[in-house]
Amino acid sequence: MTGPAQRGTTVIADKAVRRIAERAAEEVLPVPASGTGRASVAVHGRRAAVALRVALPYPAALSDTARRVQRHVAARTGELTGLDIRAARLTVTRLALSSTRTPPVAQAEEMPDQRRPPRRWWSQRRVPMTVVILPVAAACAAVTADVIRVHATGQGAAAWRMTVVSWLAGHGPGDTSVVVAGAVVALLGVWLIVLALTPGRRQQMPLSVASREWNASVDRATVATLIRDAVGDVPGMDTVDVRARRRRVRVRARLAFGDPDQARDQATTAARQALAACRLGRTPRLKMTVTPEPTWQPPSETPAPETQTPADPQLTGEVTAGGER
């Protein structure tokens with residue numbers, strides 16, 4: 001029997017795993033929403049981390065569809081590649097209108113009563129790290145290259161390095177320029193500490209989950225779209241503006257016709273139902289404002305029809321010129 005060292009090692013490229021994950025997402029999503037998935041994969045030995053950005057069909061149960069996509073992508077990709085994929089991170093980019101009115105995926109099982117608090121996703125802080133790393137790396141590379149040049153060729157140090165050393169030797173802690181530079185560095189350090197202690201990704205809202213092996217979130221813009229569509233279906237609503245935050249959702253609607261109190265109650269009920277259907281981990285507070293349009297007119301009360309009594313035959317008749325009946 002050939003030993004493992006002689007048989008060789010099989011390495012699966014990240015690109016191959018990414019294509020398999022994208023095809024797996026297309027298998028579980030309907031045709032109108034397929035073709036929009038973009039995956040990113042990081043393979044580490046026998047394990048792989050999969051992050052997927054897809055467009056989910058609308059109308060459909062958002063959380064149920066997201067869970068179905070996550071489970072299928074993780075299971076299908078692991079089956080075809082042989083890698084250990086614990087969970088697939090899913091990001092909903094937009095909602096795609098479905099040609100069918102039936103849900104594209106089967107309804108998931110009921111969520112248990114005991115649910116763990118949802119975890120917010122932590123940002124990789126690529127932009128702040130780039131802002132900090134690039135200048136520091138450029139300065140270190142310049143100093144290293146000059147030191148190597150001095151030791152290799154025997155020439156003197158570069159003029160810019162001598163100028164920097166001379167300036168640092170002639171300025172103490174009490175100089176204004178040194179104090180300003182120290183304050184800037186201190187603010188930069190505070191900024192990095194805040195970024196390290198906060199999760200970021202404020203545009204995403206975690207969904208309620210029942211398993212510790214995966215988590216899901218939805219963009220606030222998607223939640224705002226669902227609420228805007230629900231409130232827009234209320235009779236009499238003209239324009240609807242929704243601002244979704246992590247702790248509060250503000251809805252401003254313009255009423256074209258109808259009773260304002262009744263329209264406000266119907267809009268509030270529709271917005272709360274849309275929020276409940278999202279199954280967010282923390283339901284934000286809802287603030288509803290309904291303002292009548294300038295052309296709005298109060299509903300007119302239709303008067304009750306007057307009851308006409310039958311005419312008395314003795315009091316009816318035609319009056320002649322002479323007054324006789």
Side-chain angles (χ1 to χ4, degrees), residues 2-22 37-53 77-78 80-91 93 119-204 217:
T2 306
Q6 300 179 1
R7 293 198 302 265
T9 304
T10 301
V11 178
I12 302 178
D14 296 357
K15 183 178 180 180
V17 181
R18 176 175 60 83
R19 294 294 301 272
I20 293 175
E22 292 176 354
R38 295 294 181 268
S40 59
V41 177
V43 180
H44 304 283
R46 299 292 301 175
R47 295 184 178 182
V50 178
L52 196 64
R53 300 173 61 88
T77 307
L80 295 179
T81 60
L83 299 175
D84 183 13
I85 301 177
R86 297 293 180 87
R89 174 171 291 181
L90 186 66
T91 301
T93 57
R119 300 191 306 267
R120 287 183 57 188
W121 289 8
W122 283 73
S123 174
Q124 298 180 0
R125 310 294 190 185
R126 295 178 180 177
V127 175
M129 291 299 101
T130 302
V131 172
V132 174
I133 290 175
L134 285 183
V136 175
C140 294
V143 173
T144 303
D146 187 65
V147 171
I148 293 175
R149 184 184 63 83
V150 170
H151 287 277
T153 62
Q155 300 179 2
W160 63 267
R161 188 154 68 96
M162 298 300 298
T163 302
V164 172
V165 173
S166 177
W167 186 90
L168 292 176
H171 292 77
D175 294 344
T176 304
S177 57
V178 176
V179 173
V180 172
V184 172
V185 174
L187 292 177
L188 180 61
V190 172
W191 179 48
L192 294 178
I193 293 175
V194 171
L195 294 180
L197 297 179
T198 55
R201 294 196 176 188
R202 299 182 62 86
Q203 298 296 328
Q204 296 178 346
S217 65

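The shown structure was predicted, so the numbers you read here are calculated from the model rather than taken from an experiment. Index from 1, following the sequence. Values below: every heavy atom of this structure, side chains too, minus hydrogens, waters and symmetry copies.
In this structure, CD1 in Ile148 is found 11.0 Å from OG1 in Thr153, a value given to the nearest 0.5 Å. Note: Ile20 CD1 to Ile12 CD1 = 7.0 Å, rounded to the nearest 0.5 Å.
With Ile193 as the fixed residue, the side chain to side chain contact (heavy atoms under 4.5 Å, CB included) test singles out one of Leu195, Leu197, Val190: Leu197.
By the side chain to side chain contact (heavy atoms under 4.5 Å, CB included) test, Val131 pairs with Val127, sequence neighbours left out. Contacts of Met162 classified as side chain to side chain contact (heavy atoms under 4.5 Å, CB included), with partners at least two apart in sequence or in another chain: Ala157. Under the rule for a side chain to side chain contact (heavy atoms under 4.5 Å, CB included), the partners of Val136 that lie at least two apart in sequence or sit in another chain are Cys140.
Judged as a ring pair (Phe, Tyr, Trp, His ring centres under 6.0 Å), the pairs with a partner in residues 163-197 (not counting sequence neighbours) are, in order, Trp167-His171. Residue pairs meeting the side chain to side chain donor-acceptor pair (under 3.5 Å) criterion with at least one partner in residues 155-166, sequence neighbours excluded, are Asp146-Arg161, Arg149-Gln155. Within the structure, salt bridge (charged side-chain N to carboxylate O under 4.0 Å, His left out) pairs that include any residue of residues 169-185 do not occur (at least two apart or interchain).
In terms of heavy atoms, Ala21 sits closest to Thr77 at CA-OG1, 3.6 Å. The two residues Val150 and Gly156 come nearest to each other via the heavy atoms CG2-O, 3.7 Å.
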Let me check something: any side-chain donor-acceptor pairs from residues 39-48 under 3.5 Å, sequence neighbours excluded? List them with distances.
| residue | atom | partner | partner atom | Å |
| --- | --- | --- | --- | --- |
| Arg46 | NH2 | Gly82 | O | 2.9 |

